[in-house]
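The figures here come from the full heavy-atom set of this structure, side chains too, leaving out hydrogens, waters and symmetry mates. Protein chains get the first letters and strands the later ones, always in sequence-line order, with residue 1 at the start of each. Because the structure is a prediction, the values reported are computed rather than measured.
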Amino acid sequence: MSEIRVRFAPSPTGFVHVGSLRTALFNYLFARHHHGKLILRIEDTDQTRYVQGAVENMIKVLSWAGLDYDEGPDRGGNFGPYYQSQRLDLYHDHVQRLIDADQAYPCFCSEERLQSMREKQAAHNLPIMYDGTCRHIPTDVARKRMREESHVVRLKVPSQGETVVDDLIRGRVAFRNNLLDDQVLLKSDGYPTYHLANVVDDHLMQISHVIRGEEWLPSTPKHILLYQAFGWHTPQFAHLPLLLNPDRSKLSKRQGDVAVEDYQQKGILPEALINFVALLGWNRGDDQEIFTLEELVQSFTLKRVNKAGAVFDLHKLEWMNGYYIRHIKEERYLQIGLQWMGKLGLDSGNRQTNENILKAIRPALNTFADLPEKTAMFFADTLNYEEEALQWIRKEKSKEIFSRLLKELESYPQLTVNDFGSVMKGVQKSTGCKGQDLWMPVRAAITGMTHGPELPLVLLVFGKNKITRFIKQALNL
RNA sequence: GGCGCGUUCGUCUAGCGGUCUAGGACGCCGGCCUCUCACGUCGGUAACACGGGUUCGAUUCCCGUACGCGCUACCA
């Protein structure tokens with residue numbers, strides 16, 4: 001087999017859909033696994049939907065996710081340009097070839113006529129498709145009208161036989177030709193439709209495998225017919241299962257976050273999102289669920305891609321993100337955490353202290369967006385005591401613990417995390433309290449709560465002055 | 001309406017005719033760990049859509065039904 005070349009071909013219509021990311025990922029994994037090439041191609045053929053900055057955004061997201069490609073708008077390559085809007089001449093030439101070969105024809109039908117045609121078809125429960133009116137216009141007449149009238153160009157789909165898609169994931173799927181529409185190839189504004197541009201570019205860019213979402217399966221026979229009309233070999237197709245909303249409809253805005261940018265803002269790590277999304281419709285066949293990108297590359301095959309759509313379960317994503325937060329190198333965790341604290345305006349005024357805060361809450365953190373909530377106790381100047389905390393503070397023995405603690409504290413001008421062991425041991429000795437009876441009053445007095453991160457870590461962040469202040473305050477409750 | 005795809009615990013999934021009293025993960029519940037929460041750890045909960053075939057034997061193969069979804073644009 002010749003070289004493996006796949007492409008990721010998004011439309012620049014704004015944010016990056018997580019479904020797009022998954023498609024990009026699978027293409028990436030397939031390319032890398034087979035030592036082939038991945039091409040990024042921008043399908044900007046719909047001028048009405050184009051969004052400024054969307055391409056830059058797309059590129060940024062791919063880079064964030066760690067998905068690098070070999071050819072693309074910002075990377076060059078021998079098969080450019082990689083913007084379809086810059087390939088218009090190519091499409092025109094190819095359409096002309098099709099018309100000359102009687103494989104396509106101009107259509108002059110107005111929007112209104114098509115509209116009423118569809119209404120009639122719907123009323124009679126007939127399949128809704130172009131009725132072929134302009135198919136039979138004599139060539140010379142058509143040629144003349146083309147110069148004068150607004151028109152589109154349609155593919156002349158055979159009325160007999162069937163077209164078979166041999167899908168790498170779904171197997172053989174057959175479509176009857178007479179139920180295939182005469183697809184518009186060239187719009188009246190001179191831009192190609194997805195179908196034309198896609199086929200022409202995939203051929204010209206020597207794409208060997210078309211890996212895309214399942215929503216494209218119904219139009220694939222038209223694409224195959226197009227390849228045949230041009231006399232080209234068809235690439236292999238693989239249609240990925242859809243990503244679904246909790247109600248099992250196609251994953252969409254309105255039912256939650258679908259943009260990769262949304263997840264970035266939630267404080268999801270790229271490795272977590274990638275890992276999670278890789279498992280939506282693919283698994284290795286064993287029990288492993290945590291994969292690095294490299295492991296995914298090694299393990300990925302189309303054979304193990306599922307057919308059924310997969311619900312995007314935010315719960316599991318957040319769990320997985322928490323897993324990554326706890327397992328990435330501490331250095332990286334701190335670096336990212338510090339960035340987030342800065343962004344969120346969470347600052348103790350001291351970098352070391354900020355790091356200590358991050359270390360203290362690490363086991364409880366699932367996303368970085370939870371930072372304000374999880375770190376709130378470290379930034380509070382006054383305490384709101386929980387009822388249960390007050391009960392601990394007001395226990396008989398507590399006052400004694402507090403007094404002893406204050407006394408012990410005096411002998412430590414500077415407090416380190418290790419000192420706490422000694423301090424608390426000292427308190428334990430002099431009061432006879434231990435375990436919960438010893439620690440809970442202290443926790444309650446200092447945080448106003450009966451739960452939270454490990455106390456030594458909390459105390460380390462608070463420092464001697466704040467601890468002393470809160471303990472004294474508790475003494476008067 | 002037409003065409004197409006799909007259907008194993010609530011969710012992601014393993015299973016490729018007997019190994020299934022159906023395995024793992026998230027969630028949920030409980031135990032342990034522990035000053036608490038979390039983490040970790042151990043255990044529990046929960047599924048083969050339905051009906052026909054084929055077969056000695058179907059979660060696994062075939063057909064049908066149901067349900068879900070996708071497509072049905074001069075959007076991709």
Handout entry: Pair A:K316 + A:E289: basic N to acidic O under 4.0 Å
Key =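 Yes, this pair counts.
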Exercise for the section: Answer yes when A:R170 and A:E214 have at least one side-chain N-carboxylate O distance shorter than 4.0 Å, and no when they do not. Expected result: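 A salt bridge is present here (some side-chain N lies under 4.0 Å from a carboxylate O).
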NA contact type, [X], heavy-atom cut-off 4.0 Å: base, sugar-phosphate, or nothing?
{"X": "A:G213", "result": "nothing"}
{"X": "A:R154", "result": "sugar-phosphate"}
{"X": "A:E289", "result": "base"}
{"X": "A:I128", "result": "base"}
{"X": "A:F276", "result": "nothing"}
{"X": "A:A308", "result": "sugar-phosphate"}
{"X": "A:R176", "result": "nothing"}
{"X": "A:L179", "result": "sugar-phosphate"}
{"X": "A:G452", "result": "base"}
{"X": "A:S188", "result": "base"}
{"X": "A:D181", "result": "nothing"}
{"X": "A:V184", "result": "sugar-phosphate"}

Handout entry: Nearest to side-chain heavy atoms of A:E454, which nucleotide of B:C35, B:G4, B:C74
Key = B:C35
Handout entry: Which nucleotide in B:U11, B:A25, B:A76 has an atom nearest any side-chain atom of A:D46
Key = B:A76
Give a yes/no answer on whether the side chain of [X] brings an N or O atom under 4.0 Å of OP1 or OP2 in [N].
{"X": "A:N283", "N": "B:A14", "value": "yes"}
{"X": "A:R304", "N": "B:G15", "value": "yes"}
{"X": "A:R248", "N": "B:C12", "value": "yes"}
{"X": "A:K187", "N": "B:C75", "value": "yes"}
{"X": "A:K222", "N": "B:U72", "value": "no"}
{"X": "A:R118", "N": "B:C74", "value": "yes"}
{"X": "A:T45", "N": "B:A76", "value": "yes"}

Separation of the [atom1] atoms in [N] and [M], to the nearest angstrom:
{"N": "B:U60", "M": "B:A22", "atom1": "P", "answer": "16 Å"}
{"N": "B:A38", "M": "B:C33", "atom1": "C1'", "answer": "12 Å"}
{"N": "B:C12", "M": "B:A47", "atom1": "C1'", "answer": "13 Å"}
{"N": "B:C69", "M": "B:A49", "atom1": "C1'", "answer": "15 Å"}
{"N": "B:G4", "M": "B:U65", "atom1": "P", "answer": "13 Å"}
{"N": "B:U11", "M": "B:C28", "atom1": "C1'", "answer": "12 Å"}
{"N": "B:U7", "M": "B:C48", "atom1": "P", "answer": "15 Å"}
{"N": "B:C16", "M": "B:C20", "atom1": "C1'", "answer": "14 Å"}

For [N], what is the paired nucleotide under Watson-Crick or G-U wobble rules, both distances under 3.5 Å?
{"N": "B:G68", "result": "B:C5"}
{"N": "B:A14", "result": "none"}
{"N": "B:U55", "result": "none"}
{"N": "B:A73", "result": "none"}
{"N": "B:C28", "result": "B:G44"}
{"N": "B:U60", "result": "none"}
{"N": "B:C33", "result": "none"}
{"N": "B:A22", "result": "none"}

Completion exercise
Rounded to whole Å, the CG-P distance (A:L240 to B:C5) equals 17 Å
Practice task
Calculate the interatomic distance between A:E388 atom CD and B:C35 atom C1'; express it in whole Å.
Solution key: 12 Å
Problem - Pair of N/O donor and acceptor under 3.5 Å linking B:C35 base with A:R443 side chain - result: yes
Practice task
Report yes if the side chains of A:L296 and A:W282 come closer than 4.5 Å at any heavy-atom pair, otherwise no.
Solution key: yes
Problem - Heavy-atom side-chain proximity of A:V210 to A:T220 below 4.5 angstrom - result: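 Contact flag for A:V210/A:T220 side chains = no.
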Problem - A:R87 vs A:E43, salt bridge (charged side-chain N to carboxylate O under 4.0 Å, His left out): CA-CA, chis, key distance, verdict - result: CA-CA 10 Å; A:R87 302 169 64 82; A:E43 310 231 324; over 6 Å; no
Handout entry: Parallel, tilted or perpendicular: rings of A:F312 and A:F276 (30°, 60°)
Key = perpendicular
Exercise for the section: Would you check if A:W439 stacks with the base of B:C35, given a 5.5 Å centroid limit and a 30° plane limit, both strict? Expected result: yes
